[in-house]
Amino acid sequence: DFDTQPNPADAVWRFDESTGDTTGNAIGRWWQEVDGVLKSKNEVFLIALGVNDDGISTGYVKIQPLVDEQTQEIRLKIAKPDGSQERSFLIPRDPGRRKVYLSFTHGYLNPQIEPETTNWDLLFSTYTTLLYTNTGEPYPYLVNGVLINNYQVMAAPVPELDFEEISREEAENIMLSKQMDIIGYDWKKVNGDVTAGAVTYTIVPNLNYILRNGEGLLYKLRFVDFYNSQGKKGYPTFEYQRL
């Protein structure tokens, strides 16, 4: 019931995977299809809005995705857990994009963040991935890495080979993946104590990637640095070559 006030302390939290697989989506399939018509399951979800720079929670919202069974328009009902600041946002369909983005404050973003589906290949970004404790409990962790547009790009890591010697014939025999984080973040190695904040990064040697783009062209790619000319981290330098 959307009018019920959820208690964050009682919640069983789920986190999105960074693979792009819909089975790893924390909200999951909130709709059902009956005779070709989408219908909402009317589920209510509690969303944690993350933490600030001091590690303090920035709060929560509850949401309920809804579908108008006549127009098939999708709306998102949003409120604070106590029911205050209730509002509803329309989410327009955009057949030219893989995803559309919405702000809990401003609603549908215009212009949209993500380019049209066929207009990009790689996203260099910070993103959240799932790591696991020694007891197997998942927890979200912010990383700097690369995600592929798995609508039209496939990729695979090729370790322990010299970049210059990778041929088209070798690339054609490599099984490629549509997993969004197949390139990911671990092409760089952390040196030092992460908890103390005193770390440096080095590129993993002889770790290359094979990519196939939407036109079917094959490329090889490798990273050569994670620092800019001023020595500031977060500036990946890479090289690629068409095979």
With hydrophobic residues grouped by side-chain heavy-atom distances under 4.5 Å, do Leu243 and Leu161 end up in a single group?
yes
Please confirm whether the backbone N or O of Asn149 pairs with a side-chain atom of Gln152, one donor and one acceptor, at under 3.5 Å?
no
Do Met180 and Ser18 have side-chain heavy atoms sitting under 4.5 Å apart?
no
Given 3.5 Å as the limit, does a donor-acceptor pair link the side chain of Tyr227 with the main chain of Tyr201, or not?
yes
So, the side chain of Glu114 versus the backbone of Arg97: is there a donor-acceptor pair under 3.5 Å, distance only?
no
Between Lys39 (side chain only) and Leu66 (backbone N and O only), is there a donor and an acceptor less than 3.5 Å apart?
no
Below 4.5 Å, heavy atoms only, C-beta onward: do Phe238 and Val224 meet side chain to side chain?
no
With sequence neighbours left out, write down each residue that passes side-chain contact (heavy atoms from CB on, under 4.5 Å) with Gln230, or none if nothing qualifies.
Asn228
Between Glu172 and Glu169, is there a donor-acceptor pair closer than 3.5 Å when you use the side chain of the first and the backbone of the second?
no
From the list Leu176, Ile182, Ile148, side chain to side chain contact (heavy atoms under 4.5 Å, CB included) partner of Met154 resolves to Leu176
Residue set satisfying side-chain contact (heavy atoms from CB on, under 4.5 Å) with Leu142, at least two apart, ordered chain then number -> Thr126, Thr128
Polar side-chain atom of Gln64 near backbone of Asn42 as donor-acceptor pair, under 3.5 Å
yes
For Thr133, side chain to side chain donor-acceptor pair (under 3.5 Å) partners two or more places apart:
Thr135
Can you check whether Gly234's main-chain N or O pairs, donor with acceptor, with Asn144's side chain at less than 3.5 Å?
no
Does some side-chain heavy atom of Pro157 sit less than 4.5 Å from a side-chain heavy atom of Leu207?
yes
Is there a side-chain contact between Trp120 and Val153, using heavy atoms and a 4.5 Å cut-off?
no
Treating Ser177 as the side-chain partner and Gln179 as the backbone partner, does any N or O pair qualify as donor plus acceptor under 3.5 Å?
yes
Could you verify whether a donor N or O on one side chain and an acceptor N or O on the other, from Tyr219 and Gln241, lie under 3.5 Å apart?
no
Mind checking what makes side-chain contact (heavy atoms from CB on, under 4.5 Å) contact with Phe89, not counting sequence neighbours?
Ile78, Arg87, Leu102
Other residues, nucleotides and ligands only: do more than 12 of their heavy atoms fall within 6.0 Å of NZ on Lys189?
no
May I ask you to decide if the ring planes of Tyr141 and Tyr139 are parallel, tilted or perpendicular, using 30° and 60° as cut-offs?
perpendicular
Test: salt bridge (Lys or Arg N to Asp or Glu O under 4.0 Å). Region: residues 208-225. Which pairs qualify, not counting sequence neighbours?
Glu164-Arg222, Arg222-Glu239
Hey, does Lys77 have a side-chain heavy atom less than 4.5 Å from the side chain of Phe2?
yes
Assign the ring pair Trp187 / Phe223 to parallel, tilted or perpendicular, where the plane angle (0 to 90°) is split at 30° and 60°.
parallel
I need the Asp162 CG to Asn208 CG distance, nearest 0.5 Å.
7.5 Å
I'd like to know if the side chain of Arg93 and the backbone of Gln72 have a donor-acceptor N/O pair within less than 3.5 Å.
yes
Under 3.5 Å, side chain of Ser40 to main-chain N/O of Pro65, donor-acceptor pair present?
yes
On the six-membered ring of Phe226, is Lys188 placed so that its NZ or CZ lies under 6.0 angstrom from the centre and within 45° of the ring axis?
yes
Got a sec: does the CD of Glu33 have more than 12 other heavy atoms crowding it under 6.0 Å?
yes
So, using side chain to side chain donor-acceptor pair (under 3.5 Å) as the criterion, who are the partners of Thr202 when residues are at least two apart?
Asn191
Going by atom types alone, do Thr23 and Asp21 pair a side-chain donor with an acceptor below 3.5 Å?
yes
Are any of the side-chain heavy atoms of Thr118 and Tyr151 separated by less than 4.5 Å?
yes
